[in-house]
Chemist: 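This is the structure I want to talk about, given as structure tokens.
Worth saying up front: this structure is predicted, and the values here are computed from it rather than measured. Throughout, a chain's letter reflects where its sequence line sits, starting with A, and its residues are numbered from 1.
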Amino acid sequence: MIPLLLFFFQVADPALLSQQGAKALRAQRFNEAEAAYRQLVSVDPANPMWRMNLGITLHSAGRYAEAVSEFGQFLKTNPPPGPTHFLLGLSQLKLKKPCEAIGPLEKALRWNRDQAQLELADALYGCKRYSLAAKAYEAALTTSKKGPPVARQAAHCYWNARQYADAKRLFTGLSLDDPTSQYEFGDTLVRLDGPAAGLAYLERAAASLLPARAELGKALLALDRAAEALTHLEAAATADPALLLPLSKCLRAVGRTAEANAAQTEYKRKFAANQ
Amino acid sequence: MRCCSRNLYWRGAFGLLAFSIFAADLPFTLFTGEGMRHPLPAAMPGGIAVFDADNDGLLDLYFPNGAPLPSGLKSSPAHSNSFLHNDGNLRFTDRSADSGLAGSGYDIAATAGDYDHDGLTDLLVSGLDGITLYRNLGNGRFENVTAKAGLDNHGRWSVGAVWLDYDRDGHLDLFVVNYVQWNPATERACVVDGRPDFCHPRFYQAQPNALFRNNGHGSFTDVSKAAGIAAHAGKGMAAAVADFNADGYPDIFVSNDRVFNFLFQNTGKGTFEEVAFDRGVAAPASGDPPSAMGVDAQDYDNDGRPDLIYTALRDETFPLYRNQGADFQDAAVSSKMGVLTRPMNGWGIVFADLDNDGWKDLAVARGDVLSPRGARGDKVREPLSWFRNLGNRQFALGGNFAAPAAQYRGLIAADFNNDGCLDLVATALAQPARVVPGRCPRAHGWLKVDVREGGAQVQVGQQWRQVSATQGYASSCQCPLHFGLGLAETVDVRVTWPSGRIREWKAVKPNQTLVAQP
């Protein structure tokens, strides 16, 4: 009973409550900090800073949805770009709402470019705005210590955005030891420089990635190497019916006409809905 | 109003062959009717017809025009189709007012041909609500004879047509390319990259094309069903006619938007068989039917067989098919066109020997299908480009013409000033049409062969062309066939008509026009 009385005695002093809240937040005693800031919001609602601090507390406690609500209340007061925009964007990212994170993070960029650039790139990527994401990752390269991973991510975004010249520029010079990067770089080279240029990378990626086998098969077929293309296209066609057409060409080229006709018929049947 | 008095676009770079010193605006601006919404037809207009309307030896121009949407009805002079008379020296006078060609609906394509054998070239105009046949009366005036001729496309949205004599009876028949079913009442609101934009063609139902047989006395009969055309629904964007299998009968290739292309092979018995898969042109080797747009069919490797190319959108490449006789080879890789066209959005495309070296080059009208007000609006405008035929079944990027970037659509290559160099005329959405004067090397000779009968084959030296007015996207050119001769001092010429009649000229000197009549 005595501690409770003491607590209610203390609510009358916003300055003290603020100190307690800040101290508890620094010590990661989030429940205590939350209580302090909620008290402050109720006794001093005209001061938007209490909502901002409450939001920071909730964000730090991993209660992102509640943090978003408090940040939203605070931002209704139209504060200049600042940490709240950044944290709101981060909360939205944590809540898997990358498209909602973009706006706050763009504002946060004006407050602190170094801190917000990478998160903005992540938000744009999550929202599938690949071209902008690629540019944001490239911008983050100047501020982030994660150089090669960020460059790889930028290249990946350019590839997704079908901006192959930019993808090639970034992939070139990176150590491409993962199959996804090998596949994307190989595909990029095929598109920019022709099928022969990308074969080596596609062959490396084909061991573990079915899409790489598909592109490898198509590249080999384009180079009139149907016999080599065949196994790759047979494997990849199980997942992508569009590949039944190049597969049928492959089969025809190696003299398996009946199977070629069957593949072509199956291709037409599967695309019938599209017609 | 005359052209060439404003907006000259000077070539900014020297180095690659300087075909064009400048492009000039023509007195016609293409109205799209896009408005604040994005109705699909607004992305589609821009055809051109080139023909000598008054037989004065100079090629005139006709531009079908759009209209406000969704009504699709013209309500102002700005929506009028335009007929520009060629006054010589690349000057054109707008003679639309009294021509009878202004139109009333949303028009897209125009196809020139003398369907009634009176020596005057007539016009078939295709549009959102069907087709209109204009008979050339010979005094700069045309008469709408659609109903009299019995032509009825049943209100289907047509984006092109081809005159051809499919039954070899000496009369030009009509093949109409129909796109999709479009209903403004059910038009959806589509979003691309978070902004409103035009919808993907998958949201619209396919339509069959149509074939009208010329009865020989000014009327036509719809033979679409009997000829085997109506059984195939597609999303037709353009058609090219040529005798692909060398059996003496014209065949029809139709480029379809994101669905399989058609190759209607003429059986010679009044019917067609659809053989696109059997001949290898239904879809590119990748298996993904692209956004096939404009098409042209001519012999680019001088082996006597008509080949095929059609445009598509960015990252789809422009498929090029080399005719091997029994089937077509996908030559996108071996010709380098795949790599060269990967970043391009294409519409009109024509095989044309721009440098008169004896090898047909390629000119392309480029521009995205998306809206300039959409999320990718800053990237929808592209240049007019050309590819040089290297003479070894490969192409190299020739460069861009000295015209502003735009959403180009229709494109025709023709010699408008009779100087022996092919000029270009192109339309662009919401912009003036433009003429790009040709500047071919003076040392190279040329020869024009004026054959009006569709389906005739012309051999000049080792080069071949088949007579077909339709070119590229929504456009046609009833023009003398143009051959570059390089440094040759003489060439032999042979014209073979569909009837089998042949006429030959030996040791013809360059830089002249031969008129060939059966």
Chemist: What are the two closest heavy atoms between A:F271 and B:P289, and how far apart are they?
Modeler: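 Scanning both residues completely, I find the closest heavy atoms to be CE2-CD, 3.9 Å.
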
Chemist: Would you say CZ of B:R381 has more than 12 non-hydrogen atoms from neighbouring residues, nucleotides or ligands within 6.0 angstrom?
Modeler: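 Open.
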
Chemist: Identify the two heavy atoms, one from A:L245 and one from B:P284, that lie closest to each other, and give their separation to 0.1 Å.
Modeler: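 That closest heavy-atom pairing would be CD2-O, 3.5 Å.
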
Chemist: What residue in A:Q264, A:R129, A:K218 has the most heavy-atom pairs under 4.5 Å with chain B?
Modeler: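 Among A:Q264, A:R129, A:K218, the one with the most close pairs to chain B is A:Q264.
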
Chemist: Shortest non-hydrogen contact from B:V339 to A:D193?
Modeler: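 Distance-wise, the nearest heavy atoms are CG2-C, 3.8 Å.
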
Chemist: Name the region of B:D193, side chain, backbone, both or neither, that has any atom closer than 4.5 Å to a heavy atom of chain A.
Modeler: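 The answer is neither part of B:D193.
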
Chemist: State, to 0.1 Å, how close B:R314 and A:R162 come at their nearest heavy-atom pair, and which atoms those are.
Modeler: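 Closest approach of B:R314 to A:R162, heavy atoms only: NH1-O, 3.4 Å.
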
Chemist: Do the ring planes of A:Y267 and B:F277 sit parallel (below 30°), tilted (30 to 60°) or perpendicular (above 60°)?
Modeler: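 Rings of A:Y267 and B:F277: perpendicular, over 60°.
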
Chemist: Can you confirm whether B:E273 is buried at CD, in the sense that more than 12 heavy atoms of other residues, nucleotides or ligands lie under 6.0 Å from that atom?
Modeler: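 Counting other residues, nucleotides and ligands, CD of B:E273 stays at 12 neighbours or fewer.
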
Chemist: Which pair of heavy atoms, one from A:S131 and one from B:K379, lies closest together, and at what distance?
Modeler: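 So the minimum-distance heavy-atom pair works out to OG-NZ, 3.9 Å.
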
Chemist: Against chain B, label A:A161 side chain, backbone, both or neither, depending on which of its atoms sit under 4.5 Å from a heavy atom there.
Modeler: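 Contact with chain B involves the backbone of A:A161 alone.
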
Chemist: Identify the two heavy atoms, one from A:L243 and one from B:S286, that lie closest to each other, and give their separation to 0.1 Å.
Modeler: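 Shortest heavy-atom contact: CD2-O, 4.5 Å.
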
Chemist: Is the number of heavy atoms from other residues, nucleotides or ligands under 6.0 Å of A:K249 NZ greater than 12?
Modeler: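 Yes, NZ of A:K249 has more than 12 neighbouring heavy atoms, counting only those of other groups under 6.0 Å.
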
